[in-house]
Protein chains: 2
Amino acid sequence: MSLVDERQLRVLRELGELGSVTAAAEALRVTPSAISQQLRLLQRSVPVPLTEREGRRLVLTPAGRALADAAIEVETALARARHSVEEFLGRADGRVSVAAFHSAAAAFWPHLVRALSAPGSPRLAFADEDVAQDDFPPLTREYDIVLAHRLDHAAPWPRTVSVTALLHEPLDVALPAGHPLTAKPRLSPRDVADEPWITVHDGFPLMATIEAIAAAADRRLHLAHRINEFAVVAQVVAAGAGIALMPRWTARPHVGVALRPLVGVNARRHIDALHRPERAARTAVRTVLTELRSAAAAISSQAPGDTEPRS
Amino acid sequence: MSLVDERQLRVLRELGELGSVTAAAEALRVTPSAISQQLRLLQRSVPVPLTEREGRRLVLTPAGRALADAAIEVETALARARHSVEEFLGRADGRVSVAAFHSAAAAFWPHLVRALSAPGSPRLAFADEDVAQDDFPPLTREYDIVLAHRLDHAAPWPRTVSVTALLHEPLDVALPAGHPLTAKPRLSPRDVADEPWITVHDGFPLMATIEAIAAAADRRLHLAHRINEFAVVAQVVAAGAGIALMPRWTARPHVGVALRPLVGVNARRHIDALHRPERAARTAVRTVLTELRSAAAAISSQAPGDTEPRS
DNA sequence: AGTGAATATGTAGCAGTACTACAATGTCCC
DNA sequence: GGGACATTGTAGTACTGCTACATATTCACT
């Protein structure tokens, strides 16, 4: 019985529905002999007759009809399997996993939640991932979409991932409220080179800008603290432990911290959505990408005084 | 996509569950190379990657997982199909069609209905078929069980059908109440040869006994009427239109009709259940056959004064 | 850093299977 | 009884899935 296969079941079913070997053969585009042989093969696995002669035609016995009915289920399941990939790709409400580093997560995810809460929208699965720049692309193996950042002049993303540009965000200098430098509307590398710095850990994107400031000022900076998380950085800056680079749009404003634009070095970061090219074959993933772009537009224009043209 | 077959889906599913080509190969008792080739073949039909490398192992992508899930349904349906014949054979409550000629139907079917009314019993499908003797065996093509009758010396049933003997029923002479012959406890062919006869149509089983009476009495009988249905015969006999042969047990008694045993010719008929041998592979069919046998025992002993040994 | 074990993939050849073409057998209908 | 129709059997062919073996890649351990 275990060598009953789909082909034989299909033949049996056609015979049952069409009522003759010849008709089944035409339907399956083979010779009647092929049908006859498949039936003989199938019969070998079953101890009761599945077919019987009726005059010169061949028809199913009740046992044959029982098996032919089961064959319908097999074909249904196979058809469903054959369409399951398209279904998977086409589902509007599929699960979409989105990873992001902290500041992008805080800025983008609330937008996504609001925009995609209606039934029929993609179901979101968030995960925060604060990793060094090189480690963003590999995350696309695990997540459908990865929000990543890199500095203007850093190495571009590898070509194995697709990139959707979201923000080109200025990095400002964060000063404690009341610090003397807050008097200046914009700061040069020389202005800030002697202050104690709070920076990200080595390997993280913003570090390159810190190094650019040191180079432009021709000084060795004093790296007092290494803190990745901007919410913590803001607290420590406000407490007067040093100054820091902070993103203009995606970090939550802090009353004890003033932001001043930096001139003389290119202090900007790209925030991009990375994904493997084939993941965008899914409708749900494309929906989230579209929503991310419109969230980016909202984010970059949310503080009118701070938008790029005027910085 | 249409060349996705069960084998490829099975391979994909094993890969998904076991997590490596080698493990899937062991599970399916083939070499890893075979697995790899089947996966390549499957991938050819699908426009998005189903698998991806993870270190030195191979794992499913989300699309692959979607297809593997569908593969489970396919295997389930196939397993069900492979067991559907046993299920069909083993079901206690399967449908069993029973054909019978009129007097057997009237005598046996009420027993069957009473005995097999509990839930879980075979579901009965009755059909009355009053045919000539030669036409009983072919009815086994259409019905699971056929109640048929034949006379003692008639040709036996062909060996293509299985026979379950039910009754060996005496045929008595039916006389109008008050007819002079009712005075005799038993009748010889000579006693009845000059009466007007009511017989079945030519070709029907009882006809041979009529001819035997004529031969034994060396007379030509007067065949006044040809009526197959015993209920009608009884009415006409009671009305005085003639005498007739009637089965002792399976014809309903009629107040205007007296039955007298016939001696000197072998006047008995066999009532048998005929079926194709393979139909008895079904539990439900065997249940009905058993019930028919016990019904036969009840019928032949229901009128104690008329049982065979005393006739 | 290097080496060996583990894993997957490619290639060639082999074996089993499903098909076609054709012949034979059986059935229906006039 | 003859001709058309239908199924089955037989021999040969094409295809497909497998094994064996070689190769490439990754991992773990020293």
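What's counted below: heavy atoms across the whole structure, side chains too, no hydrogens, waters or symmetry copies. From a predicted model like this one, the values you see are computed outputs, not experimental measurements. Chain identifiers are assigned alphabetically (A, B, ...) following the order of the sequence lines, protein sequences preceding nucleic acid strands; residue numbering begins at 1 within each chain.
Across all strands shown, Leu41(A) has heavy atoms under 4.0 Å from sugar-phosphate atoms exclusively, and none from any base.
Side-chain contact between Leu289(A) and His275(A): present, with at least one pair of heavy atoms (C-beta onward) separated by less than 4.5 Å. In this structure, the side chains of Leu124(A) and Val288(A) come closer than 4.5 Å at one or more pairs of heavy atoms. For the pair Thr140(B) and Thr160(B), the minimum side-chain heavy-atom distance is 4.5 Å or more. Put simply, the side chain of Gln38(A) does not reach to within 4.5 Å of the side chain of Leu12(A), judged on heavy atoms. Side-chain contact between Leu292(B) and Thr164(B) is absent, with no heavy-atom pair separated by less than 4.5 Å.
By the 4.0 Å N-to-carboxylate-O rule, Arg95(B) lies too far from Asp144(B) to be salt-bridged with it.
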Distances for protein N or O near nucleotides 24-30 of chain D N or O, under 3.5 Å:
| unit_1 | atom_1 | unit_2 | atom_2 | d |
| --- | --- | --- | --- | --- |
| dT26(D) | O2 | Arg56(B) | NH1 | 3.2 |

Please list, pair by pair, any protein nitrogen or oxygen found under 3.5 Å from a nitrogen or oxygen in nucleotides 10-12 of chain D.
| unit_1 | atom_1 | unit_2 | atom_2 | d |
| --- | --- | --- | --- | --- |
| dT10(D) | O4 | Ser33(A) | OG | 3.3 |

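Along DNA chain C, the stretch of nucleotides lying under 4.0 Å from any heavy atom of chain B spans, 5' to 3', dA5(C) to dT11(C).
Here the P atom of nucleotide dG17(D) and the CG atom of Asp5(B) are 6 Å apart, to the nearest Å.
A side-chain N or O of Ser33(A) and one of Gln37(A) form a donor-acceptor pair less than 3.5 Å apart.
Between Trp109(B) and Phe126(B), the ring planes are parallel. Angles under 30° get that label, and only those over 60° would be called perpendicular. Ring pair Phe101(B)/His149(B) is parallel by interplanar angle, where below 30° counts as parallel and above 60° as perpendicular.
Shown here are the side-chain hydrogen bond (donor to acceptor under 3.5 Å, both in side chains) partners of Gln43(B), two or more places apart in sequence or in another chain: there are none.
Side-chain N or O atoms of Arg282(A) include none that pairs as donor or acceptor with a backbone N or O of Thr287(A) at under 3.5 Å.
Pairs engaging residues 52-67 of chain A under the side chain to side chain donor-acceptor pair (under 3.5 Å) rule: Glu52(A)-Arg276(B) [sequence neighbours left out].
Within residues 7-31 of chain B, the residues approached by DNA chain C to less than 4.0 Å at the level of any non-hydrogen atom are Ser20(B), Val21(B), Thr22(B), in residue-number order.
When the shell of 6.0 Å around CZ of Arg123(A) is examined, it contains more than 12 heavy atoms from other residues, nucleotides or ligands.
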